[in-house]
Amino acid sequence: MNFVVTNQGIISESEHSLLHLNSDHAVYEVIRIIEGIGLFLENHFSRLLQSVEIKGMKFDMSFPEFKHRIDELISINLKPVGNIKFVYSVSGENMSWAFAFIRHSYPTLQDYMNGVPVDLLFAERENPNAKIIQNSIREKANRMIENLKLYEILLVDKDGLITEGSRSNVFFVKGEVFYTAPASKVLVGVTRQKVFDCLSKLNFKIIEQALNKDEIGSFDAVFITGTSPGILPVRSVGIHLFGAQNAAVSLLMDEYNQMIQDYVHKKKGSSPEPF
């Protein structure tokens, strides 16, 4: 039996569901747990604060408490690996929050080697800069993913520009130049931020520009980024095919994987923060 940490205390999963919090007006974060460590937890908390501010919500949980609740959830469930979802909702004067392990699906080694299939969906987020739940887009994307046997869906806005994935950010590569939509058009994922850091360290050029869907075929490689996949090559976008073994992308993936190892090693060796 799994347990959930909520503002009402610790309860069993059977007694609680995140569903009542999963409204279009709730904010949330999904954190990957590796060796009992919340990966890039500081960045996730900063993005949560940004989402709360954009939605005009009151939020008084400190980072030490946020981390403590995640550590508590890991401990009581005896799960050092997985994905934790935090959902926060305000209705009038009533506030609700919950931390829970959610079902996860990480890419296979073959997915990283061969790339994954994606396609396009004409849809725009209500507010791309806030991590809020928009059930309508999620449901459309899930139907396409299931019906077409895809890994992900890329969103296309009214101008025909590819902005982001339904649960990821997307990058296009030409030579050693990396293209991705500007921050104003997307939910700036934590992994996206780390990819920028890695690209800078590798001295690769980054151009923040949303690409037209008709330009897809002119690029050498495509990859998506996110909490679960990390950096994942794309082998096809609709009818357009790409090679998954791109030299520049491979260097980036190696740099990112080393960043993860360094972060986990550092956190496992650090002292607990006061709560």
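- Counted within 6.0 Å of CD on Glu146, heavy atoms from surrounding residues, nucleotides or ligands total 12 or fewer; the atom is thus considered open.
- Annotation: the span from Leu155 atom CG to Lys185 atom NZ amounts to 12.5 Å, rounded to 0.5 Å.
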If you apply the rule side-chain contact (heavy atoms from CB on, under 4.5 Å), what do you find for Thr227 with Glu29, and how did you get there? CA-CA 10 Å; Thr227 298; Glu29 279 293 323; over 6 Å; no

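- Checked by atom type and distance alone, the side chain of Asn43 never pairs as donor or acceptor with a backbone atom of Val190 at under 3.5 Å.
- Ion pairing of Lys267 with Glu42 is present here, as a side-chain N (NZ or NE/NH1/NH2) and a carboxylate O approach within less than 4.0 Å.
- Under 3.5 Å, the side chains of Tyr106 and Asn83 contain a donor-acceptor pair of N or O atoms.
- No side-chain donor-acceptor contact under 3.5 Å links Thr6 to the backbone of Ala98.
- In this structure, CD on Glu152 lies 3.5 Å from OG on Ser166, to the nearest 0.5 angstrom.
- A cation-pi arrangement is found for Lys85 relative to Tyr28, the charged atom lying closer than 6.0 Å to the ring centre and inside a 45° cone about the ring normal.
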Would you please test Thr225 and Ile231 for side-chain contact (heavy atoms from CB on, under 4.5 Å) and show each step? CA-CA 5 Å; Thr225 64; Ile231 298 174; 4.3 Å; yes

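- The 12-atom threshold is exceeded at CG of Leu109, counting heavy atoms of other residues, nucleotides or ligands nearer than 6.0 Å.
- A ring-ring contact (aromatic ring centres under 6.0 Å, His included) with Tyr88 is found for exactly one of Phe99, Phe59, Trp97, Phe45, namely Phe59.
- With rounding to the nearest 0.5 Å, the separation of CD in Glu176 from CG in Leu202 is 9.5 Å.
- Side chain of Asp157 to main chain of Asp159: a donor-acceptor pair is present (N/O by atom type, distance under 3.5 Å, no hydrogens or angles).
- Between the side chain of Asn77 and the backbone N or O of Phe3 there is at least one donor-acceptor pair closer than 3.5 Å.
- Between Phe40 and Tyr263, the distance separating the two ring centers is shorter than 6.0 angstrom.
- Of the residues listed (Tyr179, Phe223, Phe178), the one engaging Phe171 in a ring-ring contact (aromatic ring centres under 6.0 Å, His included) is Phe223, and it is the only one.
- Asp262 and Gln258 form a side-chain donor-acceptor contact under 3.5 Å, judged by distance and modelled atom types alone.
- Remark: Leu154 CG to Phe122 CZ distance equals 11.5 Å, nearest 0.5 Å.
- Of all non-hydrogen atoms in Ala181 and Arg192, the two that sit nearest each other are O-NH2, 2.9 Å.
- The 12-atom threshold is not exceeded at NZ of Lys201, counting heavy atoms of other residues, nucleotides or ligands nearer than 6.0 Å.
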Could you check Asp111 against Thr108 for side chain to side chain donor-acceptor pair (under 3.5 Å), going step by step and ending with a plain yes or no? CA-CA 5 Å; Asp111 289 333; Thr108 65; 3.2 Å; yes

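- Rounding to the nearest 0.5 angstrom, the gap separating the CG atom in Leu150 from the CG atom in Leu120 is 10.0 Å.
- Checked by atom type and distance alone, the side chain of Thr180 pairs as donor or acceptor with a backbone atom of Val170 at under 3.5 Å.
- Rounding to the nearest 0.5 Å places NZ of Lys140 at 12.5 Å from CG of Asn142.
- Residues satisfying the salt bridge (charged side-chain N to carboxylate O under 4.0 Å, His left out) criterion with Lys79, sequence neighbours excluded, are absent altogether.
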